[in-house]
Amino acid sequence: MSRNISPILVKKEVSFEDLANKKLAIDAYNTLYQFISIIRQKNGTSLINSKGNITSHLSGVFYRTSNMLKKNIKPVYVFDGEPPQLKFDTIDKRKIIREEAFEKYIIARENKDFENAIKYAQMSTRLNHKIIEETVILLKYLGIPSVFAPSEGESQAAFMTIKGDVDIVASQDYDSLLFGSTQLVRNLAVGKKRKLPNKKEYVDITPELYILNEILEKHEIDREALVDIAILVGTDYNEGIRNIGPKKALKLIKKYGSIEKVLAAIGKEIENLDDIKNIFLHPNVTEEYRLVWYKPDKEKIIEFLCNEHDFSRERVIKTLDEINLSKTDQQRTLGEWF
DNA sequence: ATAGCAAA
DNA sequence: TTTGCTATG
């Protein structure tokens with residue numbers, strides 16, 4: 001299972017406002033997973049419309065994307081394609097965890113143990129085709145581009161920063177840095193106060209910015225070495241070496257120069273090592289995307305959110321008007337919104 | 001997660 | 001204005 005390399009990364013606290021005028025490639029699955037997992041009622045059930053269909057993702061996407069547009073942030077949502085074969089162990093393990101959590105969720109809900117119900121409901125969160133489809137529709141009405149990655153969304157998003165088509169990747173995972181993303185932002189949210197799980201405590205959460213070059217320069221390594229470190233620690237594609245964390249991995253890679261030499265020195269092996277390195281260093285990505293942002297289609301959004309999904313007309317219209325208002329100061333061309 | 005409201 | 005809390009669909 002993958003562990004993370006955050007202890008050796010350089011983190012900068014920023015504000016949502018600091019991202020104004022930036023182009024952001026948003027890891028769509030990562031973001032949707034968060035919305036579906038967190039946007040719930042007190043008893044652990046998701047937000048639903050009158051037909052009983054989940055709407056948590058639409059709420060999250062609509063309000064967060066609107067906030068970005070108000071700040072002149074230009075988002076593009078990047079969706080996952082086919083995962084690499086080597087990811088299937090991780091995918092299977094996650095599936096088992098989800099299924100076990102779902103059983104516990106049902107039991108907790110029956111016992112009216114809502115604290116545990118929420119916990120297990122969040123752990124059993126799953127994205128389905130309908131959630132993805134509805135998100136793409138809403139984004140289209142909002143005038144936001146979607147990109148469909150051939151394989152991992154994070155590698156596609158990273159590729160787009162390397163090409164200079166976007167400035168930053170937005171995700172909770174650190175993997176995009178391994179894929180070469182020039183910048184990564186975590187905790188991309190507007191609200192500052194966040195409730196701690198299972199506690200009554202509130203805590204400040206601000207966006208965190210990671211700049212790849214700063215990380216590489218600090219440790220005097222190149223990206224290949226960073227990938228080697230991650231593989232030693234463990235990724236979505238390999239288990240990692242027991243008792244080697246990011247700090248020890250960094251030391252070993254600097255001492256021996258490459259993962260192959262480290263493995264020889266400690267007498268260990270990693271299966272499919274070349275294939276794993278290739279996933280990070282030569283990912284399957286596409287140049288077939290077009291990034292254009294259009295003015296939100298107010299009528300279609302109201303029809304979709306309010307008529308089809310029972311959103312409050314008052315709130316939706318207010319939000320859309322606020323986007324328009326923030327735009328009137330700025331110059332814009334006829335067709336394109338930005 | 002975010003909006004919106006009430007109390008401090 | 002800031003903070004704490006509930007409702008949202």
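Everything numeric here is computed off the predicted structure, so don't read it as measured data. By convention in this document, chain letters (A, B, ...) are assigned in the order of the sequence lines, proteins followed by strands, and residues within each chain are numbered from 1.
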| In chain order, what residues pass the salt bridge (Lys or Arg N to Asp or Glu O under 4.0 Å) check against A/Glu287, with sequence neighbours excluded? | A/Lys163

| field | Whole angstrom value for the distance that separates P of B/dA1 from CD1 of A/Ile26 | value | 14 Å

| Does anything in residues 15-65 of chain A pair up under ring pair (Phe, Tyr, Trp, His ring centres under 6.0 Å), and if so which pairs, sequence neighbours excluded? | none

| query | For residues 255-276 of chain A, which residue pairs qualify under salt bridge (charged side-chain N to carboxylate O under 4.0 Å, His left out), counting only residues two or more places apart or in two chains? | reply | A/Glu260-A/Lys277

| task | Measure from CG on A/Asn30 to P on B/dA1 and round the result to the nearest Å. | result | 11 Å

| Nucleic acid contacts - residues 40-55 of chain A versus DNA chain C, non-hydrogen atoms under 4.0 Å | A/Arg40, A/Gln41, A/Lys42, A/Ser46, A/Leu47, A/Ile48, A/Thr55

| remark: Separation of B/dA1 atom C1' from A/Met68 atom CE, nearest Å, is 12 Å

| said: Filter on side chain to side chain donor-acceptor pair (under 3.5 Å), then keep only pairs touching residues 218-230 of chain A, sequence neighbours left out; what's left? | reply: none

| field | Distance, nearest 0.5 Å, that separates CD of A/Gln34 from OG of A/Ser171 | value | 8.5 Å

| Under the salt bridge (Lys or Arg N to Asp or Glu O under 4.0 Å) test, which residues partner A/Asp321, sequence neighbours left out? | A/Lys298

Can you give me every donor-acceptor pair (side chain of residues 39-49 of chain A, partner residue at least two apart or in another chain, under 3.5 Å) with its distance?
| unit_1 | atom_1 | unit_2 | atom_2 | d |
| --- | --- | --- | --- | --- |
| A/Arg40 | NE | A/Ile36 | O | 3.4 |
| A/Arg40 | NE | A/Ser37 | O | 2.9 |
| A/Arg40 | NH1 | A/Gly44 | O | 2.8 |
| A/Arg40 | NH2 | A/Ile36 | O | 3.3 |
| A/Arg40 | NH2 | A/Ala121 | O | 3.3 |
| A/Arg40 | NH2 | A/Thr125 | OG1 | 3.4 |
| A/Gln41 | NE2 | A/Thr45 | OG1 | 3.0 |
| A/Gln41 | NE2 | A/Ser46 | O | 3.0 |
| A/Asn43 | OD1 | A/Thr45 | N | 3.0 |
| A/Asn43 | OD1 | A/Thr45 | OG1 | 2.7 |
| A/Asn49 | OD1 | A/Lys51 | N | 3.0 |
| A/Asn49 | OD1 | A/Gly52 | N | 3.1 |
| A/Asn49 | OD1 | A/Asn53 | N | 3.0 |
| A/Asn49 | ND2 | A/His309 | ND1 | 3.1 |

| query | CG of A/Leu58 versus P of B/dA3: gap in Å, rounded? | reply | 16 Å

| field | Summary of salt bridge (charged side-chain N to carboxylate O under 4.0 Å, His left out) pairs that have at least one residue in residues 79-88 of chain A, sequence neighbours excluded | value | A/Lys87-A/Glu152, A/Lys87-A/Asp236

| Could you state the CD1-P distance from A/Ile38 to C/dT6, rounded to the nearest angstrom? | 18 Å

| If you look only at pairs with a residue in residues 129-188 of chain A, which of them pass as a ring pair (Phe, Tyr, Trp, His ring centres under 6.0 Å), with sequence neighbours excluded? | A/Phe79-A/Phe148, A/Tyr141-A/Phe304, A/Tyr174-A/Tyr210, A/Phe179-A/Phe280

| Atom-pair distance (CD1 on A/Ile36; C1' on C/dG9), nearest Å | 12 Å

| said: Quick check on contacts: within residues 312-321 of chain A, what sits under 4.0 Å from DNA chain B by heavy-atom distance? | reply: A/Arg315, A/Lys318

| message | Nearest whole Å is fine: how far is B/dA3 P from A/Ile39 CD1? | response | 11 Å

| query | Residues sharing A/Phe88's hydrophobic cluster, by side-chain heavy-atom contacts under 4.5 Å among ILVMFWY, directly or via others? | reply | A/Ile91

| note | Taken to the nearest whole Å, CG/A/Asn187 to C1'/B/dT2 is 15 Å

| request: Would you give the length of the straight line joining atom CD of A/Glu103 to atom CD1 of A/Ile107, rounded to the nearest 0.5 angstrom? | output: 7.0 Å

| Is the distance from OP1 or OP2 of B/dA1 to the nearest side-chain N or O of A/Asn67 less than 4.0 Å? | no

| field | Interface with DNA chain C, restricted to residues 297-306 of chain A and to heavy atoms under 4.0 Å | value | none

